[in-house]
Structure formats: C-alpha cells, structure tokens
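Have a look at the structure below, then the notes.
A, B, ... follow the sequence lines: proteins, then strands. Residue 1 opens every chain. Side chains are part of it too, since the values below use all heavy atoms of this structure and drop only hydrogens, waters and symmetry mates.
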2 protein chains.
Amino acid sequence: MVTIKDIAKKAGVSVTTVSRALNGHDDVNEETRRKIKRVAEELSYSPNAVARSLVSKKTRTIGLIISDINRAGAKDAFAYEILCGINDRAGELNYDLLLFSTNPSKQMEKSYSALCKERNVEGAILSGLRLDDPYLQEVIEQNAFPCVLIDIPKTGENVGYIASDSRSGAAMATNHLLQLGHRHIAMINGHDRAHVSQERLAGYRDALEQAGVEYRPELVYDGSFTEDGGAEAMYRILLRHPEVTAVFCASDLMALGAMRTLERMERKVPDEISIIGFDDISIAAYCSPKLTTIRQDKYQLGYQGAQLLIDILDKRTDNRKILLGNQLIVRESTRQIAST
Amino acid sequence: MVTIKDIAKKAGVSVTTVSRALNGHDDVNEETRRKIKRVAEELSYSPNAVARSLVSKKTRTIGLIISDINRAGAKDAFAYEILCGINDRAGELNYDLLLFSTNPSKQMEKSYSALCKERNVEGAILSGLRLDDPYLQEVIEQNAFPCVLIDIPKTGENVGYIASDSRSGAAMATNHLLQLGHRHIAMINGHDRAHVSQERLAGYRDALEQAGVEYRPELVYDGSFTEDGGAEAMYRILLRHPEVTAVFCASDLMALGAMRTLERMERKVPDEISIIGFDDISIAAYCSPKLTTIRQDKYQLGYQGAQLLIDILDKRTDNRKILLGNQLIVRESTRQIAST
DNA sequence: TCTTTTTTCCGAAACGTTTCGGATTTTACG
DNA sequence: CGTAAAATCCGAAACGTTTCGGAAAAAAGA
C-alpha cells in the first residue's frame with residue numbers, strides 16, 4: 001500500500017506538505033503541489049479513508065437501519081424506494097451509506113446506537129421500526145447521534161422524522177368513497193404497532209364523522225399489512241357485514257388480498273363492492289381491476305429524509321419534522337354506488 | 001468519547017491488558033477480565049471500529065456498487081431482491097454493507113477500485129454494470145481487491161461471478177412456446193450492452209434450431225429492457241410479421257409493454273398471441289392475463305453472491321463461477337396455438 | 001532452595017492521516 | 001538596506017486501537 005510517506009520521500013518534501021498539497025490547502029507552492037500530484041499519480045496513490053477519519057472524526061457516512069429490507073418487501077418495494085431516495089440524495093451530497101446488518105433472527109446483541117457509535121457514522125436513518133422496538137427509545141433518549149426516523153413521530157434535539165400524512169391520506173380515501181355514495185364503509189387496517197395504522201384509522205374516522213356517518217369500530221378489521229391478512233379480513237367482513245359496499249384498506253397489499261377474496265366469492269369489484277388502497281405500489285396499476293389508491297411518495301420519503309439528516313448534521317435547520325402530502329389515484333376499483 | 005485508555009486508568013491496568021481482555025485473549029486473569037468488563041460497562045464504552053481497522057486492516061465491510069438502484073427499478077425490484085440476498089447473507093456472516101454513491105449523473109471521477117481501496121472494504125459486489133463500463137476492465141485487470149460480478153461473465157484470481165443461466169432459461173421459454181405448437185415465434189430482446197441479452201438470444205436460437213424451426217434474425221427486436229421499448233417493439237412485430245403467434249420477451253417488463261400494445265390493438269392474449277416473459281417480477285402474477293414467464297431467483301443471486309465473495313476472501317474455494325437454474329412458471333399468457 | 005515453566009501483565013511501536021505551532025525563506029515596503 | 005509581512009515548508013503530536021517482545025510474578029519441578 002502506497003502512503004503519503006512514500007510520496008513525501010519520492011517528492012523530497014515532508015508528509016505535512018503532501019497532505020496539505022493534496023487537500024488543496026493554500027500554503028503550498030503551486031509548483032510543489034504539481035510535483036506532488038504527479039508523484040501521487042505515478043505511484044497510483046489513493047488516500048486511506050480509515051486513517052483520515054480516525055483523526056478527522058468525519059466519515060462522510062450515513063448509517064442505515066432499515067429493518068424491513070427483506071424478501072417479502074419485494075412486492076411493495078416500499079423499503080426499496082426509500083432506499084433509492086436516500087441513495088440519490090446522499091450521493092449528491094457525497095455521503096456513502098452504511099447498511100447495518102440488523103440481524104432480526106438472532107436477537108441483536110448490539111443496540112442501534114452502539115452500532116452507529118462504533119462505526120463512527122455521522123448520523124443515521126431508521127426505517128421500518130415498530131413503535132415498541134426495544135432500542136428505539138434509547139436512540140431518542142440518549143440523543144447520542146443525529147438521526148432521522150421514517151414514519152415514527154418522535155423528535156428531539158438531534159432526531160427528526162419524516163412521514164407522509166397518513167391521516168389526511170386516509171381521510172382522502174374515505175372521502176372518495178363517501179362522495180361515490182357509499183355509507184357502509186369498512187376498513188382493513190394494519191397491525192397497531194405501526195404508527196401509520198393509528199393515523200389511518202384516525203383519518204378514516206375524521207372523514208366519516210365530518211360526513212355525518214356513524215363510525216362503527218366493528219367495521220375495522222386487522223389485516224396486519226399482509227396480503228393474506230387482507231384476504232382473511234375481507235372474508236370476515238363479507239360474512240358479518242353484508243351491508244358493506246366499500247372497503248378502505250390501509251395498504252395496497254391488503255387491498256390485493258381483499259380483492260382476491262372477492263374474486264373467489266364472485267363478488268364483482270367495483271360493481272358490488274368498491275375497494276381503495278393506500279401506497280400506490282406498482283402492482284396497483286396492473287392488477288385487475290386496477291386499484292384506486294392513495295399514492296404516497298416513498299422516494300421523497302428517502303430523499304428528503306436524507307436531506308433532513310444532513311441539515312441536522314450541519315446545524316442548518318431547526319426543523320425536525322417533515323410531512324409529505326399524498327395523492328388520490330382513481331383507477332378502476334371504486335365506483336358510484338349502485339342506486340338501489 | 002470514552003476510550004480504552006479511560007478504562008485502563010480506571011481499572012488500574014495498561015491499555016494492552018484492556019485490549020486483550022476485551023478481545024478475549026487468554027493471557028489475562030479471569031478476575032481482571034471481569035473487572036475490566038465491568039468498568040467498560042460502567043463507562044458505557046464502545047470500541048472505535050475506525051481505529052481498530054486502521055491497525056488490523058480489516059473492516060468487515062463489503063462494498064456494494066449497484067448501479068441500477070434507482071426509481072425505475074421499483075417495478076421489477078430486481079436490484080432490490082439482489083440487495084436483500086446480499087444483506088441477509090452478509091448479516092449472517094457479520095459483515096456490514098457499504099453502499100457507494102455511484103453518482104451516474106455527474107461523471108464519476110473515481111473508479112470503483114479507487115472507491116474500494118480508499119474505504120478499505122474487504123471486497124465488493126458489482127451489479128447492473130454494462131459490459132462497456134469504463135471502470136469494469138480496470139477492476140478485473142488490476143485484480144486489486146476481491147469482487148463478485150453479477151451477470152457479467154468474467155473471472156480472475158480474485159474475481160468471481162454469479163448469474164442465472166439465461167441461455168437455458170431462454171431455451172426453456174422458447175421450448176414452451178414450441179411445445180404449444182407455435183412456429184412463428186418473435187423475440188423482444190434487451191439492449192445488447194447487457195450480457196444476458198446475448199445469452200437469451202442464444203437460448204432462443206438453440207431451442208428453435210433444435211426443433212428444426214428456422215431462426216430468422218428479423219424476428220428479433222430490441223426492447224431495451226423497458227416497458228415502453230417492449231410496447232414499441234410489439235407494434236413493429238404486429239405490423240411487419242402478421243404471421244407471428246408467439247413472442248418471447250427477454251424481461252417481464254418488456255412483456256408487460258408488449259401486452260399493453262396488444263390490448264390497444266385489440267389482439268387477445270393468449271387466444272391470438274402468446275406472450276412469455278423472463279424474470280418473474282411480482283407484477284407478473286397480478287397483471288391480466290397473468291404472465292407466463294421464466295423465474296430467476298434474484299434473491300439467491302445476492303445471497304450466494306455474497307457467499308462466494310466471502311469464500312474468495314477467506315480463500316476457502318477455487319470456484320469462481322456460479323450459475324443458477326431457472327424455472328418455467330406457466331400462467332395465463334401462453335396457450336396451445338389455435339388449430340386453423 | 002534454586003531453576004524452570006507458566007501465568008499475567010506492560011511499554012512502545014505501529015497503522016496512515018491531519019494539524020498545531022513554529023521555522024525558514026522570499027517578497028514588499030519605506 | 002533594514003525590517004515587516006507574506007509565502008512556504010516542516011517536526012511532532014495526535015486520533016484509538018492492536019500486537020510484538022519481553023518482564024515480573026506465581027507456580028511447578030528438582
């Protein structure tokens with residue numbers, strides 16, 4: 001390995017000068033700088049980032065703790081799009097990303113903060129964590145290193161969060177169904193360890209109450225954010241609440257499951273029952289019928305999340321909270337209620 | 001920051017002993033070890049991985065250069081599944097992943113090998129690179145650091161590759177169509193800067209020739225691996241080769257595009273034209289008609305790729321090449337040719 | 001009791017870089 | 001020409017860890 005010393009020797013200067021020359025400091029003669037650069041080139045020198053960060057305390061690295069990077073996520077590609085956003089913004093700002101191997105199988109022995117401290121990342125972005133994650137509290141309380149949480153509404157001196165506005169999104173979805181004349185609207189929600197589930201439920205209630213429709217808790221089913229869960233929930237709705245003409249699903253995946261059940265039971269969507277999802281995953285535009293849904297911009301979640309983190313790092317902002325808007329995408333799975 | 005020195009001082013021993021105690025060396029009294037561990041705990045010490053790797057030359061980090069991590073990839077989630085596989089295996093073996101910000105927009109000034117050398121990663125996995133990538137050659141020739149290429153058939157002392165067997169997969173697809181009685185089979189291929197395109201074309205030819213069907217180059221169109229490209233190619237096929245009754249698409253995304261065109265032109269799939277794809281992306285099981293395709297195990301590409309890299313690192317194998325099998329998934333987009 | 005072996009510990013160097021404080025040389029100014 | 005200022009360079013320390021070689025202390029053997 002060729003080091004700064006080798007260059008110094010060959011160029012006949014001190015290591016100090018080599019360092020300063022290569023880093024563009026201005027107290028080095030242009031001619032010596034050229035020479036040093038030439039020698040560095042000849043020896044095909046490349047700086048050792050590890051040594052550099054040991055002294056500078058800077059790694060230009062952002063830690064990523066994305067617990068939902070797994071096979072199952074391929075369908076909704078949720079984590080993926082977030083990652084793309086982070087990757088793009090981090091790339092633009094010249095940060096690299098360190099993906100921690102948060103081993104979910106064997107109980108992790110190291111906390112997130114330990115992980116980040118050890119590796120000297122400058123900050124971290126956490127996504128896919130459950131509200132009851134044992135290490136989450138520690139991250140926030142210790143306030144040890146700057147981080148941005150995705151979809152977890154906690155802030156602190158050094159911790160910010162970003163999310164899409166689930167509540168208004170859910171209200172938007174429910175309103176859409178209401179405007180189509182539906183009055184008996186069920187909801188298939190995700191598991192309640194996710195904050196977004198609470199928010200989406202609240203939005204659903206908001207819309208109902210504002211429209212003067214009674215909110216009936218028994219119409220809300222748990223689909224645990226999975227396709228099978230959605231399918232299962234739909235069976236129960238069909239069985240127990242035949243009066244229901246529309247279902248708001250808190251995720252597209254669950255909506256897909258619900259539609260599968262409806263197909264099996266030979267109930268036509270949207271003619272007999274309207275379905276609206278949440279997320280706008282790519283399948284939504286291809287399935288049959290195409291799914292009406294609330295689009296949330298997952299990419300921006302990552303992109304602006306990365307931006308927020310770096311703003312926090314550079315103490316460039318006091319803002320610790322970003323809420324992204326959503327968009328209603330009307331496709332084929334919802335329809336004006338049949339006038340009976 | 002609390003260091004090993006602080007522990008040494010508080011425990012009344014030397015830094016050497018602390019280091020050896022914490023790292024489980026056996027030349028330290030069990031009692032002192034306990035004491036040191038206790039002190040470390042009290043001070044909530046966490047080791048500095050940067051300093052450690054400066055001296056040990058080990059980072060337990062794998063570099064990732066995945067040039068196709070971008071928004072567009074959300075539909076096929078190809079890069080994502082590979083990443084999941086890598087992430088899982090790396091996690092199991094206790095490696096972290098460093099995602100390099102290969103900024104495709106501004107021309108990268110640093111080569112991959114420079115990137116990896118600087119950051120002292122132990123090895124790297126490269127995916128999504130084009131055959132004509134300017135830096136690819138350098139990686140292989142310099143042989144500077146161990147790496148695994150995905151879908152690029154080059155090997156070397158320290159470089160291995162992993163891919164799914166595109167050629168046999170394409171033959172499998174074409175055979176499926178032949179067995180259904182099709183004789184006029186067009187192909188929509190990807191751009192030819194990808195090695196897989198060449199392979200899939202070869203497989204297509206293999207199958208045709210083996211079945212005694214003439215290979216006609218004019219039936220092969222370039223869909224450049226995009227949905228729009230597939231749609232465009234399909235238009236041309238319809239226009240110029242009305243005799244075609246089946247199309248083999250070298251990717252599901254292009255198949256989706258082709259099906260879009262067919263729907264617009266009111267040609268029924270599979271009644272009038274059979275379509276088979278390649279990849280088995282998640283949409284394939286949901287679109288209408290559901291897409292018959294060749295499934296390749298992208299997750300294993302990553303998982304076994306990571307394994308291969310680590311085997312190379314540990315000099316545990318001389319194998320430098322892994323070829324994964326594919327699987328024909330028959331759904332709804334192919335059918336026995338209508339007997340005329 | 002004396003020597004040898006084993007156990008337990010430590011000092012110092014090393015990893016490759018940055019940076020502080022100062023030294024030397026050159027240039028500018030009166 | 002003498003002095004002040006600017007330009008250019010350098011030595012040494014520091015970052016937090018590991019490890020080599022050996023030293024001191026304890027245990028074992030004769």
Side-chain angles (χ1 to χ4, degrees), chain A residues 1-37 39-40 43-61 96 114-122 144-145, chain B residues 1-37 39-40 43-61 96 114-122 144-145:
Chain A
M1 163 173 272
V2 30
T3 79
I4 219 178
K5 274 185 198 163
D6 303 317
I7 300 179
K9 200 175 296 174
K10 187 158 182 192
V13 294
S14 74
V15 292
T16 306
T17 306
V18 175
S19 173
R20 302 184 73 80
L22 259 24
N23 288 315
H25 291 230
D26 53 2
D27 63 345
V28 34
N29 188 292
E30 270 312 315
E31 200 173 338
T32 38
R33 188 197 303 275
R34 269 198 302 276
K35 182 173 181 185
I36 287 171
K37 281 194 170 174
V39 174
L43 300 176
S44 71
Y45 165 78
S46 86
N48 183 327
V50 173
R52 190 202 302 261
S53 32
L54 178 58
V55 30
S56 72
K57 303 271 173 215
K58 299 275 174 223
T59 52
R60 274 205 102 70
T61 303
D96 288 326
L115 242 28
C116 291
K117 260 173 67 187
E118 279 189 29
R119 292 300 216 122
N120 274 40
V121 300
E122 321 222 334
F145 61 99
Chain B
M1 163 172 275
V2 28
T3 79
I4 219 178
K5 275 185 199 163
D6 302 319
I7 300 180
K9 198 174 298 174
K10 189 156 178 192
V13 294
S14 75
V15 291
T16 305
T17 306
V18 175
S19 173
R20 303 185 72 80
L22 260 23
N23 289 314
H25 291 231
D26 54 1
D27 63 344
V28 33
N29 187 292
E30 270 312 315
E31 200 174 338
T32 37
R33 189 197 302 277
R34 270 199 301 278
K35 183 174 182 185
I36 287 171
K37 281 196 169 173
V39 174
L43 299 176
S44 69
Y45 164 78
S46 87
N48 183 329
V50 174
R52 189 202 303 258
S53 37
L54 178 59
V55 30
S56 73
K57 303 273 175 212
K58 300 275 174 222
T59 52
R60 274 205 102 72
T61 304
D96 287 326
L115 239 28
C116 291
K117 263 172 64 184
E118 279 189 30
R119 290 301 213 118
N120 275 39
V121 299
E122 320 224 335
F145 61 100

Test log, rule side-chain contact (heavy atoms from CB on, under 4.5 Å), inputs A:Lys9 and A:Val18: CA-CA 10 Å; A:Lys9 200 175 296 174; A:Val18 175; over 6 Å; no
Interatomic spacing from OG1 in A:Thr59 to CG in A:Asp96 - rounded to 0.5 Å: 9.0 Å
Rounded interatomic separation in angstrom, taking CD from B:Glu118 and P from C:dG16: 15 Å
Point-to-point distance, once rounded to the nearest 0.5 Å, from OG1 of A:Thr17 to CG of A:Leu22: 11.0 Å
Protein-nucleotide distance (B:Asp27, atom CG; D:dA26, atom C1'), rounded to Å: 15 Å
Distance, nearest 0.5 Å, that separates OG of B:Ser53 from NZ of B:Lys58: 11.0 Å
Touch class at under 4.0 angstrom, heavy-atom based, for A:Val50 against every strand present: nothing
CZ-CG distance between A:Arg20 and A:Asp26, expressed to the nearest 0.5 angstrom: 8.0 Å
Verdict with supporting geometry, B:Arg34 and B:Glu31, salt bridge (charged side-chain N to carboxylate O under 4.0 Å, His left out): CA-CA 5 Å; B:Arg34 270 199 301 278; B:Glu31 200 174 338; 5.2 Å; no
D:dG16 phosphate, OP1 or OP2, under 4.0 Å from A:Lys57 side-chain N/O: yes
N or O in side chain of B:Ser14 less than 4.0 angstrom from C:dC10 OP1/OP2: yes
Modelled atom types, side-chain donor and acceptor of B:Ser19 and B:Thr16, under 3.5 Å: no
Rounded interatomic separation in angstrom, taking CG from B:Asn120 and C1' from D:dT17: 15 Å
Nearest-0.5 Å distance that lies between atom OH in B:Tyr45 and atom CD1 in B:Ile4: 4.5 Å
Reported CG-to-CZ distance for the pair A:Asn48 and B:Arg119, which is rounded to 0.5 angstrom: 10.5 Å
5' priority, DNA chain C, between B:Gly12 and A:Pro47 [closest heavy atom]: B:Gly12
Value in whole Å for how far the P atom of C:dA13 lies from NZ of A:Lys5: 13 Å
hbond_proxy B:Asn29 side chain to C:dC9 base (donor-acceptor, 3.5 Å cutoff): no
Whole angstrom value for the distance that separates C1' of D:dC15 from CG of A:Leu54: 4 Å
Distance in angstrom units between A:Lys117 NZ and D:dC15 P, rounded: 17 Å
Close approaches to DNA chain C from residues 30-37 of chain A, in residue order (heavy atom, under 4.0 Å): none
Protein N or O to nucleotides 18-20 of chain D N or O, pairs below 3.5 Å:
residue: D:dT18; atom: OP1; partner: B:Asn23; partner atom: ND2; Å: 3.0
residue: D:dT18; atom: OP1; partner: B:Arg52; partner atom: NH1; Å: 3.1
residue: D:dT18; atom: OP2; partner: B:Ser19; partner atom: OG; Å: 2.6
residue: D:dT18; atom: OP2; partner: B:Asn23; partner atom: ND2; Å: 3.3
residue: D:dT19; atom: O4; partner: B:Thr16; partner atom: OG1; Å: 3.1

Interatomic distance, B:Asn48 CG vs D:dG16 C1' [rounded to whole Å]: 6 Å
Distance in angstrom units between A:Ile7 CD1 and C:dG16 C1', rounded: 11 Å
